[in-house]
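Accompanying notes for the structure given below.
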Number of protein chains: 2
Amino acid sequence: MSQPTEHSPERPTGRAVPTSADVARLAGVSRATVSYVLNNTSAVRISEPTRRRVREAAEELGYVPHAAARSLRAGHSRMVLLPASHVPVGPLYSQFFNEFQWALRRLDYTVVQYGSVGLEGEEAARAWAELRPVAVVSLGEVQLTGQGVEILKRSGARAVITLGTQEVEGTHALVMDQGRVGEAATAHLVESGRRRIGVVIPEEPGLAMFSGPRLDGARRAVEGTDATVVPLPLRYEEESAAGLAARWRELGLDGVFAYNDEYAMLLMRALQDAGVAVPEDTAVVGADDLLLGRLLRPRLSTVRIDMVLGRELAELVDRAVREPESPPRTRALLASEVVRRESS
Amino acid sequence: MSQPTEHSPERPTGRAVPTSADVARLAGVSRATVSYVLNNTSAVRISEPTRRRVREAAEELGYVPHAAARSLRAGHSRMVLLPASHVPVGPLYSQFFNEFQWALRRLDYTVVQYGSVGLEGEEAARAWAELRPVAVVSLGEVQLTGQGVEILKRSGARAVITLGTQEVEGTHALVMDQGRVGEAATAHLVESGRRRIGVVIPEEPGLAMFSGPRLDGARRAVEGTDATVVPLPLRYEEESAAGLAARWRELGLDGVFAYNDEYAMLLMRALQDAGVAVPEDTAVVGADDLLLGRLLRPRLSTVRIDMVLGRELAELVDRAVREPESPPRTRALLASEVVRRESS
DNA sequence: ACGTGTCACTGACACGTGTAACTATCTCGC
DNA sequence: GCGAGATAGTTACACGTGTCAGTGACACGT
């Protein structure tokens, strides 16, 4: 609109985006030469003076290659696609994620997190396939179906890796066996003499994927014993916790696995305020081994979870890309270990 | 280097990825017709039977358009690029981020988070520019220079928006004035009669961007009063907090702004263990208003921060894209308010 | 004089898509 | 019988890049 001294009717932005042809023109060489120089193609020899002229021209024009055109021509990209997560994730996951990105970059992949909020199943798979990634690493928020995997593979993806709570047909699946977390926590409570054991189920959406298997694991742990398990819906709010604590005696519970440390802290405070002694009347166990859990009195017992290493996962991706014919393998993860402190 | 068994020169995957030409062949029409049908181009009329044949052919082949080719032809994309964050961020930020993504998708943009871990300044800008995004929203981890902004704009980006702690030349800048957080917290302490006020500075890397301005704000708050400010380096570990608490009497502090609620909880526990009464001997104020802070005894006083709304930011991006000639505006953010509880 | 080889490049094509310009066929008014 | 207009398509080009095959120019051995 009001740029001072621009009057070219062509481009609203004023000047066009420079291409390799512009660089070639300015350097007085052919476009092919430009490509050879800027990509350091070893099969072709270009004299040193020419190389310099090309580099200087590129610098002067501020030339940046067009990634889309490049990968169109090449027929493939080294892009690894990660559907962007929309679950509020903790620091544990955050650290894993950075490590993973860093490792992939080391292996010369381009990591792209693609926001597919609001898309589901097959539709999401199609949106991802449009980008022609060489690999897709789904972190479990979007449930990938066998159909979706087929779409991705047909679009040229050489590897589809899922990191979630269950196996997906046709993919390299890293299954985080959340059940073992619930099992370990509950077994610990049973061993320390508890008999009626509550299991907190967060009411927040998006966590069912974790809480379900954890509850199943808890049930497994009491099989063959005289202990029983009681599911306890809970919202992450003080009122909800207070309401639950008020019904505690009537529920007759003497132990609780509280999903994770945050819910455990919330519930433990509510119990104490309601006059329930921890651990005497009721033992409380969380999960994730957060630092904050150690600050409470009594100190919170927890389940420490060994997350998969980011570097390890990156190597798996790389191997899967290089050998796309190797059959997809499923691997179980999530070694977990009870850390007993004072609340149990 | 050492890939073991690569000897198929043509296509390792066996069958090729279907293109619109394949669809055209199967449907017995021209490629243009396929494009018109699949894009619902309104300017051209295609009969209903033909439309059906094309759609069925596309379905049968599992055709998915090639995003790179498409945006190459179109000359632009509706991609908004977000440099991926590698700061361990809290739930507050996480929520904002999801809202932002969702709102942008509503406006028909494609959100891509690009992992530029390990790249810096101009190099990072160049990597982003290769993707030819229509807008770049930098969330502050990577410091964008004026030079970098120039590269991006020359590559066709119609808007560069920075959300950070300081303004960047040539961009629409949303400046989160972290100083006001420190100022509000410290002013509150001064008003309640405290005179020697500690300000926690996390030693974790990546947080300096926030802690520095907060300290400055604290200093501003004591100007013209007889109160003083003492910086307190602290690692997010129990030992570090215990060490600091052990020196408390010798430091002679009677109030502390602990950077945020998590550090505040850590420090408050250490102080109590060291025999320092809160709030009688020392008042403690955190920031972020986490639920967990309300669980402690005494309940933690804090600074509630009104984050920018994701939807609001998305609309700003959209406006900037549609009117690229409008001059970049800088806006200050971060209204913050002290929530007094029991620890101060 | 001639084949062979090396050096330093250039010409031309292909990747997959969107769309402006064109064509062929049919209908209708007069 | 014939131009005008609608209908239903098709042909051809452009986007920016990588790379194969070719092309002069020159050197060298026989």
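These values consider heavy atoms only, across backbone and side chains, with no hydrogens, waters or symmetry-generated copies. Below, read A as the first sequence line, B as the second, and so on, with proteins coming before strands; counting in each chain starts at 1.
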Which whole-number value in Å describes the distance from [X] [atom1] to [N] [atom2]?
X	N	atom1	atom2	result
B:His66	C:dG18	NE2	C1'	15 Å
B:Tyr63	C:dG16	OH	P	10 Å
A:His76	D:dG18	NE2	P	11 Å
B:Arg78	C:dG18	CZ	P	16 Å
A:Leu131	C:dG16	CG	P	16 Å
A:Glu130	C:dG16	CD	C1'	13 Å
A:Arg70	C:dG16	CZ	P	18 Å
A:Asn39	D:dG16	CG	C1'	13 Å

Subject >> Under 3.5 Å donor-acceptor, B:Gln113 side chain and A:Gln113 backbone >> reply: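 Not confirmed, B:Gln113 side chain does not pair with A:Gln113 backbone.
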
Original post:
Is it true that a side-chain atom of B:Arg158 and a backbone atom of B:Val321 form a donor plus acceptor pair closer than 3.5 Å?
Top reply: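 It does hold such a pair.
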
Subject >> Under the 3.5 Å Watson-Crick or G-U criterion, the dot-bracket string of DNA chain D, with | for inter-strand pairs >> reply: ||||||||||||||||||||||||||||||

Original post:
Base, backbone or nothing for each nucleotide of nucleotides 6-15 of chain C, written B, S, -, heavy atoms under 4.0 angstrom, 5' to 3'?
Top reply: --BBBBB-BB

For [X], give me all partners under side-chain contact (heavy atoms from CB on, under 4.5 Å), at least two apart in sequence or on another chain.
X	result
B:Arg106	B:Trp102
B:Ala68	A:Ala68, A:Ser71, B:His66
B:Leu26	B:Ala57, B:Glu60, B:Leu61

**OP:** Taking atom CZ of A:Arg51 as the centre, report whether more than 12 heavy atoms of other residues, nucleotides or ligands fall under 6.0 Å from it.
**Re:**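 Yes, the 6.0 Å shell around CZ holds more than 12 heavy atoms from other groups.
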
Original post:
Under 4.0 Å between a side-chain N or O of A:Ser20 and OP1 or OP2 of D:dT17?
Top reply: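 Yes.
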
Original post:
Is B:Glu122 paired with B:Arg126 through a side-chain N to carboxylate O contact shorter than 4.0 Å?
Top reply: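 So B:Arg126 pairs with B:Glu122 through a salt bridge.
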
**OP:** Scan A:Thr162, A:Val149, A:Leu81 and name whichever one has a side-chain contact (heavy atoms from CB on, under 4.5 Å) with A:Ser138.
**Re:**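 When side-chain contact (heavy atoms from CB on, under 4.5 Å) is applied between A:Ser138 and each of A:Thr162, A:Val149, A:Leu81, only A:Thr162 qualifies.
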
Taking only distance into account, with no hydrogens and no angle test, what donor-acceptor pairs under 3.5 Å do side-chain atoms of residues 34-44 of chain A form with protein atoms, sequence neighbours excluded?
unit_1  : atom_1 : unit_2  : atom_2 : d
A:Ser35 : OG     : A:Asn39 : ND2    : 3.4
A:Asn39 : ND2    : A:Ser35 : O      : 3.1

